[in-house]
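Both ligands and their constituent atoms are indexed starting at 1 by order of listing.
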Amino acid sequence: MKNKNVAIVGATGAVGREFVGCIESRGIPLKSLKLLASARSAGQKQKFRGEELTIEELNGNSFDGVDIALFSAGSGISKQYAPIAVKAGAVVVDNSSAFRTDPAIPLVVPEINARRIKDHNGIIANPNCAAITTLVPLWPVHQVNPVRRLIVSTYQAASGGGAALMEELELSTRAYLDGKTYAPKVVKYPYAFNLFSHNTAIDMATGYNDEETKVIREAKKIFEDETMAVSATCIRVPVLRAHSVSMTFECERPIEPSEVRALLEKAPGVKLVDDWANNYFPMPIDASGQGDVLAGRIRKDLSDATGRSISIFVAADQLLKGAALNAVQIAELL
Ligand code: A2P
């Protein structure tokens, strides 16, 4: 990427800051880096490789000369500015949900469907964070013994709701411990020492919230298998930045936990954490700040007498593999 001019849209946000961090920590050579945010942040300074970069306000001319634009400023901004960036000649890697279900736009997890990157017409969508966390460890199994049915329960961190929700978790926890009342500002519910159904809109016809619908739709699109049955329950938990997922999947043929363990041991992007003797399994605290999906608790689903179902528990850093790292990996492949 050493000849590339890169722009980050939403550079001051929870994911935007990690875009910068991933570019730094992966030592990606760039020609230039432009940091874009709202008028509120314009003029602020942000460090990049020891240099102070000035945040610029996003506008219609921001993409002149830009080769790759990484977006994470919400769907509305992506819908408005991604076409402008493409027109200016940039390739957009978009972390929002704006384009994910568009059949003409690739939805990419490099460990699964990197080959789809070349089909882009200027935009590549980065999947939902809970979907990435679920699918990276499931893909190696699906390739050897197709998953016919998948039931997912998530334990999602504050970071998925952006920097403001992370701050709400910290402030409400501090207030709770100080015996003070805290009026929630970002979500409608008390967050400290609590959990709640994912704070996205409920579809009144099905009862599923938007996050659950995203996981279901994106799993089918990324695996290119509309026949795979998927159900999800998405829950927000008081964890700062790593999502965990409990999943049970039913395969086409009988499958042993030992087969799944052997597959996950060598799966790209997965780290096995499955220490039965010490009751040590994936935890958000271990997943935070590193790039792999931690996978463990690999066991037979005892409710399926046919022997085709397995339960596992996984955890991954929502801001890294769930968002910024996945997008930066896509940019590297571009
Ligand atoms: P700003 O900090 O200037 O508001 P998060 O996902 O953590 O909530 O971050 C959202 C990101 O999107 C921030 O960088 C935020 O910038 C940016 N953003 C929000 N609204 C706009 C806008 N109208 N134009 C450009 N960037 C925006």
Side-chain angles (χ1 to χ4, degrees), residues 6-24 33-48 52-64 66 68-86 88 90 92-100 123 125-132 156-172 184-188 191 198-201 210-211 214 234 236 238-243 288-289 317-328:
V6 174
I8 294 177
V9 179
T12 53
V15 174
R17 286 176 184 276
E18 296 295 337
F19 281 146
V20 178
C22 285
I23 291 169
E24 270 183 328
L33 182 64
K34 184 187 259 194
L35 303 182
L36 300 162
S38 77
R40 292 179 290 276
S41 310
Q44 286 176 16
K45 307 277 183 198
Q46 209 163 298
K47 276 238 152 72
F48 176 63
E52 294 243 296
L53 299 185
T54 305
I55 313 272
E56 296 173 39
E57 181 183 356
L58 174 66
N59 64 49
N61 300 318
S62 297
F63 303 99
D64 296 348
V66 169
I68 297 177
L70 303 171
F71 274 63
S72 192
S75 282
I77 296 289
S78 292
K79 280 183 189 148
Q80 188 181 346
Y81 285 96
I84 295 172
V86 173
V92 170
V93 184
D94 181 36
N95 189 51
S96 84
S97 60
F99 307 107
R100 288 181 190 150
I123 302 176
N126 202 49
N128 168 276
C129 44
I132 295 176
Q156 296 186 223
S159 54
L165 191 56
M166 294 173 82
E167 189 183 26
E168 177 135 313
L169 175 56
E170 288 184 323
L171 294 179
S172 62
K185 296 175 186 66
V186 184
V187 284
K188 287 182 275 181
Y191 200 174
H198 196 277
N199 48 305
T200 42
D210 263 357
E211 186 79 355
K214 285 176 193 171
C234 291
R236 189 76 80 187
V239 165
L240 269 177
R241 59 175 288 164
H243 285 356
S288 296
D317 189 311
Q318 186 274 331
L319 294 173
L320 292 177
K321 188 56 194 169
L325 174 60
N326 197 73
V328 168

Chemist: I'd like to know if the side chain of S288 pairs up with that of D317 as donor and acceptor (distance under 3.5 Å, no hydrogens or angles considered).
Modeler: no
Chemist: Check this for me, if you would: do R241 and E18 make a salt bridge, where the nitrogen-to-carboxylate-oxygen distance has to be below 4.0 angstrom?
Modeler: yes
Chemist: Taking only residues two or more places apart in sequence, or in another chain, which ones meet E211 in a salt bridge (Lys or Arg N to Asp or Glu O under 4.0 Å)?
Modeler: none
Chemist: Angle between ring planes, F63 versus F71, binned at 30° and 60°: parallel, tilted or perpendicular?
Modeler: parallel
Chemist: Can you find a side-chain donor-acceptor pair between N95 and S72 that sits under 3.5 Å?
Modeler: yes
Chemist: Given a heavy-atom cut-off of 4.0 Å, could you list the residues near ligand 1 in chain and number order?
Modeler: G10, A11, T12, G13, A14, A37, S38, R40, S41, L58, S72, A73, I77, G162, A163
Chemist: If you count heavy atoms of other groups shown closer than 6.0 angstrom to CD of E24, is the number above 12?
Modeler: yes
